[in-house]
Structures are given as C-alpha cells and as structure tokens.
Student: 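Provided herewith is a single structure, encoded as structure tokens, for subsequent inquiry.
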Amino acid sequence: MNKNAPAGNHSRPNPDPLNPARSNPARPNPLEGCPLAAAFAAIGGKWKLTILYWLAHGELHFAGLRGRVAPISPKVLAEQLRELEADGIVVRTPTGVVPAPVIYQLTDYGLTLSPIVEAVRVWGEGHLQRSSARQRSDGMGCGERLRPRTQA
C-alpha cells in the first residue's frame with residue numbers, strides 16, 4: 001500500500017475513460033429496496049439541494065458554485081459534486097489542462113430533479129415565514145423560482 005496515496009474513490013481505476021458518467025457506479029443504497037432511502041442517498045445532505053438549485057439555473061465553474069453555496073468549504077463542495085457525479089446527476093467538464101477551470105452542469109437525469117428542488121424551496125419559503133426568520137436579500141438566498149429548462 002502506498003502511504004502517499006489516500007484510499008477512497010480516487011484510488012480506483014477508471015473503467016471507462018471515454019464516458020466518465022459510467023466510470024463511477026452508483027453509490028450503494030443504505031436501505032436496499034427503499035425509494036426514500038435511495039433518494040436521500042442521492043440528494044440528501046446539507047448542501048446537495050442548494051448545489052442542484054444553482055446548477056438548475058445553468059452551468060457553473062467550481063469557484064462560481066462555491067460563491068453561491070458559501071459558506072461551504074472547497075473540500076466539502078468537491079465531495080458533494082463527486083457524489084452527484086457518481087449518481088449521474090451532475091457532469092464535470094474540464095476546460096483544459098490542470099489547473100484550468102472545470103464546468104459543472106446537470107445531466108438530463110439531473111434536470112428531472114428540478115421540480116423536486118423547487119418544491120422543497122417553496123416549502124422552505126413557507127417555513128421561514130412561519131418561523132419568522134428573515135430571507136436573504138443579497139440574491140444568494142435561493143429565493144428565485146426555478147423555471148423549467150431543457151438540457152442544451
């Protein structure tokens with residue numbers, strides 16, 4: 001074992017270098033056969049719905065996405081994006097040789113989550129009103145309604 005190489009997703013060989021979406025098999029469902037567990041495994045967590053919200057507005061570079069999802073750390077954002085990519089929800093497109101920016105966008109499959117993300121956003125608006133919490137007014141508070149769009 002190489003002490004300098006961390007174990008984990010990056011230590012596995014890429015079985016299909018021509019199709020990165022197929023290179024990472026879907027992550028295991030923690031409660032086999034349960035659709036809710038499958039959904040939460042794919043989109044649950046503190047940041048994924050917010051990431052999906054911003055990507056539903058269009059493709060973004062890592063830095064642009066990080067600015068919108070702040071205060072997320074780069075490490076956690078990269079981890080969440082890798083999981084979304086492994087589930088076929090997000091596609092990662094390098095724009096050149098490292099350290100060139102990387103563009104993230106929703107796949108056609110990822111776009112099917114837009115109505116769910118919008119429904120959760122609307123519920124959250126009501127919850128903020130019910131709890132008398134103030135909504136952000138700086139444009140970064142996910143207050144804009146998602147409009148249906150198609151993959152280019």
Side-chain angles (χ1 to χ4, degrees), residues 8-128 133 135-152:
N9 292 339
H10 299 293
S11 62
R12 283 186 277 145
N14 186 349
D16 190 352
L18 299 178
N19 189 347
R22 290 192 180 164
S23 65
N24 297 323
R27 292 173 306 110
N29 186 346
L31 186 57
E32 192 174 332
C34 177
L36 285 174
F40 280 110
I43 63 170
K46 186 173 180 179
W47 300 107
K48 285 185 183 175
L49 286 175
T50 307
I51 292 167
L52 294 173
Y53 170 82
W54 288 111
L55 289 177
H57 287 287
E59 64 185 32
L60 285 167
H61 290 98
F62 185 90
L65 192 52
R66 182 167 178 234
R68 285 170 177 80
V69 184
I72 193 171
S73 72
K75 177 186 175 207
V76 172
L77 178 57
E79 179 181 278
Q80 298 287 279
L81 287 166
R82 274 194 299 271
E83 290 178 7
L84 289 166
E85 185 182 12
D87 288 328
I89 295 168
V90 168
V91 66
R92 176 186 187 274
T93 308
T95 60
V97 295
V98 175
V102 174
I103 296 173
Y104 291 92
Q105 64 188 52
L106 293 177
T107 62
D108 288 338
Y109 180 57
L111 283 171
T112 66
L113 290 165
S114 294
I116 296 165
V117 173
E118 177 59 13
V120 172
R121 189 197 66 78
V122 168
W123 186 89
E125 269 184 349
H127 185 66
L128 284 173
Q135 292 185 25
R136 288 180 65 160
S137 58
D138 61 1
M140 296 299 194
C142 306
E144 183 182 327
R145 182 173 183 258
L146 280 182
R147 289 165 185 74
R149 71 177 184 91
T150 57
Q151 189 78 346

Student: Where is the tightest heavy-atom contact between Pro71 and Trp47, given as atom of each residue plus distance?
Tutor: CD-CH2, 3.7 Å
Student: Parallel, tilted or perpendicular: which describes the rings of His57 and Trp54, with under 30° parallel and over 60° perpendicular?
Tutor: tilted
Student: May I ask you to test the Tyr109-Thr112 pair for a side-chain heavy-atom distance under 4.5 Å?
Tutor: yes
Student: Ignoring hydrogens, what is the shortest heavy-atom contact between Pro35 and Gly33? Give both atom names and the distance.
Tutor: CD-O, 3.4 Å
Student: Judged by atom type as modelled, is there a donor-acceptor pair below 3.5 Å linking the side chain of Thr95 to the main-chain atoms of Pro101?
Tutor: yes
Student: Between Thr107 and Ile89, is there a donor-acceptor pair closer than 3.5 Å when you use the side chain of the first and the backbone of the second?
Tutor: yes
Student: Kindly indicate whether the side chain of Lys48, heavy atoms from C-beta on, has any atom under 4.5 Å from the side chain of Leu84.
Tutor: yes
Student: Given Val90 and Leu106, is the side chain to side chain contact (heavy atoms under 4.5 Å, CB included) satisfied, shown in steps?
Tutor: CA-CA 4 Å; Val90 168; Leu106 293 177; 4.2 Å; yes
Student: Quick one, Ile72 and Leu65 - any side-chain contact, counting heavy atoms below 4.5 Å?
Tutor: no
Student: How far does CG of Leu113 sit from CG of Leu55, to the nearest 0.5 angstrom?
Tutor: 11.0 Å
Student: How about NE2 on His61, more than 12 heavy atoms from neighbouring residues, nucleotides or ligands closer than 6.0 Å, or not?
Tutor: yes
Student: May I ask you to test the Leu81-Phe62 pair for a side-chain heavy-atom distance under 4.5 Å?
Tutor: yes
Student: Could you measure the distance from the CD1 atom of Ile43 to the CD1 atom of Ile51? Nearest 0.5 Å is fine.
Tutor: 12.0 Å
Student: Does Val76 form a side chain to side chain contact (heavy atoms under 4.5 Å, CB included) with Gln80? I'd like the steps, not just the answer.
Tutor: CA-CA 6 Å; Val76 172; Gln80 298 287 279; 4.1 Å; yes
Student: Who pairs with Glu118 by side-chain hydrogen bond (donor to acceptor under 3.5 Å, both in side chains), at least two apart in sequence or on another chain?
Tutor: Arg121
Student: To the nearest 0.5 Å, tell me how far Arg82 CZ sits from Glu85 CD.
Tutor: 9.5 Å
